Amino acid sequence: MASESGAPKFNKDFLWGFATAAFQIEGSTDVDGRGKSIWDDFSRTPGKTFDGGNGDVATDSYARWEEDIALLKQYGVKAYRFSIAWARIIPLGGRNDPVNPKGIEFYSKFIDRLLANGITPFVTLYHWDLPQGLHDRYQGWLNKEIILDYVNYCRVCFEAFGDRVKHWLTMNEPWCVAVLGYGRGVFAPGHTSDRLRSPIGNSATEPWIVGHNVILSHAYATKLYREEFKPSQQGQIGITLNGDWTMPYDDSPENVASAQHSLDVAIGWFADPIYLGSYPDYMKEMLGDRLPEFTDEELAIVKGSSDFYGMNTYTTNLTKAGGDDEFQGLAEYTFTRPDGTQLGTQAHCAWLQTYPDGFRALLNYLYKRYKLPIYVTENGFAVKGENSLTIDQACQDWDRVEYFKGACEALHAAVFEDGVDIRSYFPWSFLDNFEWADGYETRFGVTYVDYKTQRRYPKASAKFLVNVSLNYRDPLSFVSYISHSG
Ligand code: PNW
């Protein structure tokens, strides 16, 4: 009905799927010529992950790739978002370093098998696993030289896989790369000014330099794709940014302003130059000459360098003005309302509570501000205490079902009531997996992984999402399914 009236509707090519990233699932870190990534040794260093877990085995997906694709097929997904490990393709990372044929072969057969099963590959080129070789050689993202090495790596991927891959993401969540890796020091390579945590780093300067170099690397890779590959391969390329909705804690003018300040740094830092052509004014004021500048030539390449808005989002924060956290725009975050109630259901990780209205508001904000189709490339929930449950108990993940129910309703309302152009929904994650600094303690999967046996068990949330995706085309059956489940 919506189509006849010309009202907004889900695009017929809407992609339902699940997302993962190479380092979080592959394991087999020293197999088939793979080079080291910065996460290899970092995760093996005592104290860097909550439970001492590292990426050596993870969900063993490098070895179990056929089983994984069979499960995706069983779920009936239209698409699968995964990332390529740079150090499998170019073990030392650099533009003059050798390409590893075994790495190409692995992803090539993986892509072929997805396509043979009717699953569209949605490929992230960089999901945080920088080749250690480039970190050792010139400090990785801190050095502008990385642009040339990153673009070369992308070229190798476009040449090897671009005949079959039509959806490329250059980078996953640059805010996390810059802030968690070089500001707070909780992610590899662990740089920070906090000398109790690391002997190296300057949290006042490095994150802004890293962010700048990530933006430039993304932009030059897009330029390469558009000039040399897109005309024949006809794919789309863009970046995916993390960002959570913010609401003022109360209606005091400072707190109202703080909500936008936080969005300016969490999202605008990357989205404003890429979609609008300059860093947000608030960041310029806050950082002065610590914020690097683009040359006119660079800016011309940065502006408009993403074909779509790639969006990862998990939660909503209430903001208060104050504190000294520049990475949050000098705002403080809380989930506790002035009346003492919580915003939503608490997840296993401190930074995440359920709040579907925030998801809808964020979709509207991004569509209005950046005016491009949105691909939701991550969204998900970690059930509190899930890791201490039995397998059977963990598979009854009703808090996660509740989260996805709210998110799907919000998504539906954003499309059908608000007219936002949304092209995909990739819940995070296909599998429980290596959750970075949390190790294996925090589970985000819609599939339970028993790390002792590596057996996979679909959780209730997987079944819920599969049924939602089967009903999404018809708004009436969508709403009726959603309202009768969970
Ligand atoms: C994303 N935060 O990371 C990543 O893209 C995934 O690899 C990750 O597993 C997933 O979300 C769940 O955490 C984030 O501190 C890490 O706000 C940290 C934050 C947000 C996203």
Side-chain angles (χ1 to χ4, degrees), residues 18-26 37-39 43 49-50 53 55 58-59 61 81-85 122-130 169-188 207 214 239-246 262-263 265-267 269-270 310-317 319 325 327-329 331 333-335 346-355 358-359 362 375-384 386-387 400 403-404 407 426-447 449:
F18 295 113
T20 61
F23 192 79
Q24 295 179 271
I25 64 165
E26 286 182 354
S37 86
I38 53 172
W39 269 94
S43 65
T49 63
F50 177 83
T59 64
S61 288
R81 177 182 172 224
F82 63 97
S83 81
I84 293 178
F122 209 105
V123 179
T124 314
L125 288 156
Y126 184 74
H127 200 124
W128 307 352
D129 45 358
L130 183 76
L169 292 171
T170 52
M171 304 276 177
N172 181 69
E173 303 190 345
W175 184 96
C176 289
V177 173
V179 171
L180 304 179
Y182 298 82
R184 306 209 205 285
V186 293
F187 281 9
V214 168
I239 192 165
T240 201
L241 307 178
N242 56 300
D244 295 323
W245 185 237
T246 54
S262 149
L263 291 176
V265 182
I267 295 176
W269 177 3
F270 303 97
M311 165 181 174
N312 290 355
T313 193
Y314 286 86
T315 195
T316 293
N317 293 298
T319 62
D325 193 333
F327 311 128
Q328 296 177 182
Y333 291 173
T334 178
F335 291 128
Q346 180 61 49
H348 196 74
C349 17
W351 54 269
L352 172 49
Q353 285 195 357
T354 305
Y355 192 68
F359 182 36
L362 182 64
Y375 284 82
V376 180
T377 46
E378 276 182 36
N379 182 237
F381 189 81
V383 175
K384 198 169 171 54
E386 197 172 270
N387 198 36
R400 187 178 284 105
Y403 178 93
F404 283 126
F426 288 98
W428 182 272
S429 176
F430 171 45
L431 302 169
D432 288 335
N433 56 42
F434 175 73
E435 180 50 28
W436 309 110
D438 286 9
Y440 296 93
E441 165 66 17
T442 301
R443 292 174 177 267
F444 268 95
V446 298
T447 310
V449 176

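The structure presented is a predicted model; accordingly, all values stated were derived computationally and were not measured. What you see below is based on every heavy atom in this structure, not just the backbone, and it leaves out hydrogens, waters and symmetry mates. Just so you know, ligand 1 is whichever comes first in the structure, and atom 1 is the first atom listed for that ligand.
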### Message
Would you compute the distance between atom CG of Asn433 and atom CD1 of Ile25 and round it to the nearest 0.5 angstrom?
### Response
7.5 Å
### Message
What protein heavy atom lies closest to atom 20 (C) of ligand 1? Include the residue and the distance to one decimal.
### Response
Trp351 CH2, 3.8 Å
#### Entry: Residue, atom name and distance, where the atom is the protein heavy atom closest to atom 13 (O) of ligand 1
Glu435 OE2, 2.6 Å
### Query
Short question: side chain of Ser83, backbone of Ala22 - any donor-acceptor pair under 3.5 Å?
yes
### Message
I need the contact type for Asn242 against ligand 1. Using non-hydrogen atoms and a strict under-4.0 Å cut-off, is it side chain, backbone, both or neither?
### Response
neither
### Query
So, the side chain of Arg81 versus the backbone of Phe426: is there a donor-acceptor pair under 3.5 Å, distance only?
no
### Query
Closest non-hydrogen protein atom to atom 10 (C) of ligand 1, residue and atom name please, with distance?
Tyr314 OH, 3.2 Å
### Closest protein heavy atom to atom 4 (C) of ligand 1, given as residue, atom name and distance to 0.1 Å
Glu378 OE1, 3.3 Å
### Query
Which atoms of ligand 1 have any heavy atom of His127 under 4.0 Å away?
4 (C), 5 (O), 6 (C), 7 (O)
### Task
For Asp244 and Thr313, test the side chains for any donor-to-acceptor distance below 3.5 angstrom and give the result as yes or no.
yes
### Task
Mind checking the CZ-CH2 spacing from Phe23 to Trp436? Nearest 0.5 Å is all I need.
6.5 Å
### Query
Can a donor-acceptor pair be found between the side chains of Asn172 and Thr240 at a distance below 3.5 Å?
no
#### Entry: Nearest protein heavy atom with distance in Å, relative to atom 21 (C) of ligand 1
Glu173 OE1, 3.6 Å
### Query
Would you say Asp244 and ligand 1 have an N/O pair spaced under 3.5 Å apart?
no
